[in-house]
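Here is the structure we will look at.
Model, not experiment: these values are computed from the prediction. A, B, ... follow the sequence lines: proteins, then strands. Residue 1 opens every chain.
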There are 2 protein chains.
Amino acid sequence: MSYGVTMSRATASARPPGRPRSGVNAVVFAATLRTVHELGYARATVDRIAAAAGVAKTTIYRRWPSKGELVVDCLLDAFGPVPLEGTGRAELMASAIRWIAAKISEPGVGDAFAGVFSDAVSDPALREVLAARLQEPYRVALHEALGEPDGRVLFFIDVVVGTLLHRLGMTGEPMVDADVAELVEMVVPHFGGDTGTG
Amino acid sequence: MSYGVTMSRATASARPPGRPRSGVNAVVFAATLRTVHELGYARATVDRIAAAAGVAKTTIYRRWPSKGELVVDCLLDAFGPVPLEGTGRAELMASAIRWIAAKISEPGVGDAFAGVFSDAVSDPALREVLAARLQEPYRVALHEALGEPDGRVLFFIDVVVGTLLHRLGMTGEPMVDADVAELVEMVVPHFGGDTGTG
DNA sequence: TTGGTATCGATACCTGAGGTAGCGAAACTA
DNA sequence: TAGTTTCGCTACCTCAGGTATCGATACCAA
């Protein structure tokens, strides 16, 4: 579930007073992806998501300040941490590219990603949330794993994610494996990873 | 102005009856880019664009069926044809990349592009318009100039445009020249163009 | 058991934006 | 002068994001 996870009430004053929140976050996330998958981002209204989750709309707005932040949390939950388990630089980058391509191909995930990204273009507040909560953790992880300077990592993310989202947005379909493979063959050598020649 | 341009009334029956349309398309395009630049895509409402152009909102909807199609026509007008004048393949691709990067950097153009792209994600009708009217001409031109198969040209467009839009969407600023240069250095060799190493 | 607090579902509502309908006036042709 | 189409204008419809309020409920503490 990615965030907070109560710290087993050890740190701060035991537990806040009042009726505790029911554990429906996961249900709401699932309903969000399902609704976005079935209706597209724009028609996946908060009313419909709430109905699909069997929850009142006000409950959603009590937990997330906007539809955009709900979707960002939903994507955080759907993505999870990057698997960075390759032995060499090349394998590491290639597996990261294939991982994000596969995630974006999952039903609802790519649409939700493209949709919230779109909203963020003309909503600076949401853009900061998107950059800080969704992009930053992966940027840090890649920075440490690859040893590349920040600017290069951001460029790497722009190329990989930008390409995948542009394909999805233009065609309505996620990028096929052959093209993902070509993306790997283009990007990895540029970043100094051997792709099989030594 | 890119489209139609009356054919000097030689072809079809002289001229349609009724009051002729006033030549305000260019004014509306300019007002669209200016408004999008100042307020962002979402807050650039059709009301505001009409006001900025000194035109009634109904006049705009008489000429374009939706805000999305207005913006697509506006972008067609702003982009114009690709300059494909390089001597070799490498120069040709590099100049095309620098050209679209520069266009997206122009005030309002990048925001309008990202905005309409965003709308298209959850609007299949607009997506077809975008693909057919905006992407297709450049795909054909690149296909003929480079001799690459369609799939490769579409991949080329996904990488270049996707990267530029992702950078703009995430940071709010267009890509700087140094990163555009790195994009060229990554893409051109992959497509078999020499970049200076014989 | 009683009081305090915060969440729950439900309903009603506000705002803003895309888009449409209908009007009289204006600009052109025949 | 009659016919046709665009013009600006105003009023309106629909839908989506987001807010306010209310009684009911679940928990804690005294």
Side-chain angles (χ1 to χ4, degrees), chain A residues 4 6 9 12-25 27-28 31-32 35-36 39-74 112 115-116 118-123 125-126 129, chain B residues 6 9 12-25 27-28 31-32 35-36 39-72 74 112 115-116 118-123 125-126 129:
Chain A
T6 72
R9 83 189 59 169
S13 57
R15 165 202 242 158
R19 175 176 178 173
R21 290 189 165 172
S22 57
V24 292
N25 278 12
V27 177
V28 174
T32 300
T35 308
V36 168
L39 304 177
Y41 185 79
R43 294 181 56 200
T45 68
V46 177
D47 284 275
R48 275 191 257 255
I49 292 171
V55 152
K57 181 187 177 185
T58 44
T59 296
I60 290 189
Y61 277 105
R62 213 172 279 118
R63 297 175 184 219
W64 295 276
S66 69
K67 178 183 176 181
E69 299 215 27
L70 162 64
V71 175
V72 168
D73 264 7
C74 181
V116 75
S118 304
D119 278 2
V121 170
S122 40
D123 182 345
L126 181 57
V129 171
Chain B
T6 70
R9 83 190 58 169
S13 57
R15 165 203 240 153
R19 175 176 177 172
R21 290 189 164 173
S22 57
V24 293
N25 277 13
V27 177
V28 173
T32 301
T35 308
V36 168
L39 304 176
Y41 185 78
R43 295 181 54 201
T45 68
V46 178
D47 284 276
R48 276 191 257 254
I49 292 172
V55 153
K57 183 186 176 186
T58 43
T59 297
I60 290 189
Y61 277 105
R62 215 171 276 120
R63 297 177 184 216
W64 295 278
S66 69
K67 178 184 176 181
E69 299 216 28
L70 162 63
V71 175
V72 168
C74 181
V116 74
S118 305
D119 278 3
V121 169
S122 40
D123 181 346
L126 180 58
V129 171

*With sequence neighbours left out, what residues match B:Ser118 under side-chain hydrogen bond (donor to acceptor under 3.5 Å, both in side chains)?*
A:Ser118
_Under the rule for side-chain hydrogen bond (donor to acceptor under 3.5 Å, both in side chains), what residues qualify as partners of B:Asp119, not counting sequence neighbours?_
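Result, side-chain hydrogen bond (donor to acceptor under 3.5 Å, both in side chains) vs B:Asp119: B:Tyr41.
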Please name all residues satisfying side-chain contact (heavy atoms from CB on, under 4.5 Å) with [X], sequence neighbours left out, ordered by chain then number.
X: B:Arg19; answer: none
X: B:Ala50; answer: B:Lys57, B:Ile60
X: B:Ala42; answer: A:Ser122

Find the distance [X]:[atom1] to [N]:[atom2] and express it as a whole number of Å.
X: A:Asp47; N: D:dA16; atom1: CG; atom2: C1'; result: 8 Å
X: A:Tyr61; N: C:dT7; atom1: OH; atom2: P; result: 18 Å
X: A:Leu39; N: D:dC15; atom1: CG; atom2: P; result: 14 Å
X: B:Glu69; N: C:dG18; atom1: CD; atom2: P; result: 15 Å
X: B:Asp123; N: D:dC15; atom1: CG; atom2: P; result: 16 Å
X: A:Asp119; N: D:dG17; atom1: CG; atom2: P; result: 9 Å
X: A:Ile49; N: D:dG18; atom1: CD1; atom2: C1'; result: 14 Å
X: B:Trp64; N: C:dG18; atom1: CH2; atom2: P; result: 15 Å

*Hey, which sits more toward the 5' end of DNA chain D by its nearest nucleotide, A:Arg48 or A:Pro65?*
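The residue mapped nearer the 5' terminus is A:Arg48.
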_Donor-acceptor pair present, B:Lys57 side chain and C:dG19 base, under 3.5 Å_ =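 Check passes, donor-acceptor contact within cut-off.
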Protein N or O to nucleotides 21-28 of chain C N or O, pairs below 3.5 Å:
from	atom 1	to	atom 2	distance (Å)
C:dA26	N3	B:Arg19	NH1	3.4

*State, to 0.1 Å, how close A:Leu126 and A:Glu69 come at their nearest heavy-atom pair, and which atoms those are.*
CD1-N, 4.2 Å
*Can you name the closest pair of heavy atoms from A:Ile49 and A:Ala44 and give their distance?*
CD1-O, 3.8 Å
Can you find a side chain N or O atom of [X] that sits less than 4.0 Å from OP1 or OP2 on [N]?
X: A:Arg63; N: C:dC8; result: yes
X: B:Arg43; N: C:dA17; result: no
X: B:Ser22; N: D:dC7; result: yes

*asked:* Closest approach to the side chain of B:Arg21, judged atom by atom: which nucleotide of D:dG8, D:dC7, C:dA17 is it?
replied: D:dC7
